[in-house]
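In what follows, a structure is listed as C-alpha cells, so that the remarks can point back to it.
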Amino acid sequence: MMEQDPQYYVKGVLEKNKRILAKTITLIESSRPDHQILSRRIMEALLPHTGRSVRLGITGIPGAGKSTLIESLGMFLIEKGHRTAVLAVDPSSAKSGGSVLADKTRMERLSAEESAFIRPSPSGGTLGGVARKTREAMLVCEAAGFDVMIIETVGVGQSETTVASMVDFFLVILISGGGDELQGIKKGILEMADALVINKADGENAVRAAQARQQYETALHLISPASANWSPPVMTASALEMNGIAHIWETVLDHRDRFIKSGEFELNRKKQAVSWMWALIEEGLKERFRLNRTIRERLPGLTHDVEKGTIAPTAAADELLFYLDNVKTI
Ligand SMILES: Nc1nc2c(ncn2[C@@H]2O[C@H](COP(=O)(O)OP(=O)(O)OP(=O)(O)O)[C@@H](O)[C@H]2O)c(=O)[nH]1
Ligand SMILES: [Mg+2]
C-alpha cells in the first residue's frame, strides 16, 4: 500500500504495528502541508478508536525521578497485562537540542518491552504546537491499543498546565530537600495535582521523605480541593527500589472509579475537548494573521508608527484585524 494513502497508516495503527505507529506520529509532527492533510484524514479515521485509555500526566522538577518512576510504573503495568505508552511535552527541546525522553538509557527496560511505546517530545516551536502534536500522538497510541498513556513534562514554566489539560489524573513528583520543603514549589502546581509523590524515599532519605510528606499534607489542607469527591493524597515512593508503585496505581484507579460514578470523568473529558478546540482556533487565527498578505505588508509600517506614537495601538490593531476579515489570504 502506498505511503501517501491514509489507509496504510490507519490499518497499521489499528493492527498495533509499532513501526507504523511511530511513522504516523512523525507525520503528525511534520509541518509540511501535504503531511498535514494526510494526518488529518488519518486522525478522522482513528478517532472512533480513541479515548479508552487511562491518561496520566506526570510532572516534577528536573532530577526528581520522573523517568525512573515512569519506567517502574510502566514495568509494573506491563506485568499486569497493560500496554503502556509514554509521551513527553518539552517545549524547550528545540532550543536545547535534547528532550525529556531523549535520554532513553533511563528507560532501557521499558523501551525493550513489546507492550511499551516511548516517544520523546516533538521538537519545535511554541508550547501550543507541541501540545497539539502530543495530544494527537496520544490519540494515535490509544487507537493502537495502548490502554495507559503517560505524559511526562518538566515542572518548569507553563507546560504543566498544558499537560494537566489533556489527562485524567495529574501526578506531581517531589523530593525532600531538607529544611523548608515548600520552597520553590509553585502553589499553582499543587492546585493542579490529583496526587503528590515524594520520591527517593529510600535509604537515609526515608525519614526526611516521611517528614516532607507531612509538610505537604498540611500545605494541601490550605487549598480547597477542586472536587468534593477527591482530596489529593501525598504518598512516598522509591522509583529506584520500586516501592510505592502499586499504591500510586491504586490511587489512580480509585480516583477514576469515583469520577466515573460522579460524572466528573465524562465532564472533564468534554471540557478538555472544548478547550482543545479553542486552542486550535486561537492557533489557526494566529496562523492566518501571519499568512495574510496585506497584513504582512502593513505590519512593519504600522509597528513603526505605533513605536513613534503617530498612531494609537488600538487604531493599528483595528486596521490589521480588518484585513483579516476583508482581504483574502496569500
Ligand atoms: N535514591 C533514589 N534515586 C532515584 C530515585 N528515582 C530516581 N533516582 C535517581 O535520580 C536521578 C534522576 O532521575 P530521573 O528519573 O532521570 O529524573 P527526571 O525527573 O526524569 O529528570 P529530568 O528528565 O532530567 O527532568 C537518577 O540518578 C536516578 O537514578 C529513587 O527513588 N531513589
Ligand atoms: Mg526524565
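In this text, all values refer to a predicted model and were calculated from it rather than measured experimentally. When a ligand or atom number is given, it counts from 1 through the structure's own listing order.
Distances between N or O atoms of A201 and those of ligand 1 include no value under 3.5 Å. The shortest N/O to N/O separation between A64 and ligand 1 falls below 3.5 Å. Looking at G63 next to ligand 1, an N or O pair under 3.5 Å apart turns up. For a threshold of 3.5 Å applied to N or O pairs, the pair formed by L240 and ligand 1 contains at least one separation below that value.
The ligand atoms of ligand 1 that sit less than 4.0 angstrom from a heavy atom of S238 are 31 (O). Proximity to P62 (heavy-atom distance under 4.0 Å) selects the following atoms of ligand 1: 25 (O). If you number the atoms of ligand 1 from 1 as listed, the ones under 4.0 Å from a heavy atom of K66 come out as 15 (O), 17 (O), 18 (P), 19 (O), 20 (O), 21 (O), 22 (P), 25 (O).
Side-chain N or O atoms of S39 include one that pairs as donor or acceptor with a backbone N or O of Q36 at under 3.5 Å.
A side-chain hydrogen bond (donor to acceptor under 3.5 Å, both in side chains) with E142 is found for exactly one of R52, H49, R55, namely R55.
Not a single heavy atom of E241 sits closer than 4.0 Å to an atom of ligand 1. Look at G60 and you'll find every heavy atom at least 4.0 Å from all atoms of ligand 1.
Taking 2.8 Å as the criterion, T68 does not count as a coordinating residue of the Mg ion (ligand 2), since none of its N, O or S atoms falls below it.
Between R258 and E264, no side-chain nitrogen of the basic residue sits less than 4.0 Å from a carboxylate oxygen of the acidic one, so the salt-bridge criterion is not met. A salt bridge is defined here as a Lys NZ or Arg NE, NH1 or NH2 lying under 4.0 Å from an Asp or Glu carboxylate O, and E44 with R41 fails to meet this definition. A salt bridge is defined here as a Lys NZ or Arg NE, NH1 or NH2 lying under 4.0 Å from an Asp or Glu carboxylate O, and E15 with K11 meets this definition.
Annotation: the span from K270 atom NZ to S275 atom OG amounts to 14.5 Å, rounded to 0.5 Å.
Of the candidates I61, I58, D202, it is D202 that places a heavy atom closest to atom 2 (C) of ligand 1. Compare T68, N199, T59 by their heavy atoms: the one nearest to atom 15 (O) of ligand 1 is in T68.
You'll find the side chain of N205 reaches within 4.5 Å of the side chain of S176, heavy atoms only. The shortest distance between side-chain heavy atoms of L324 and I295 falls below 4.5 Å.
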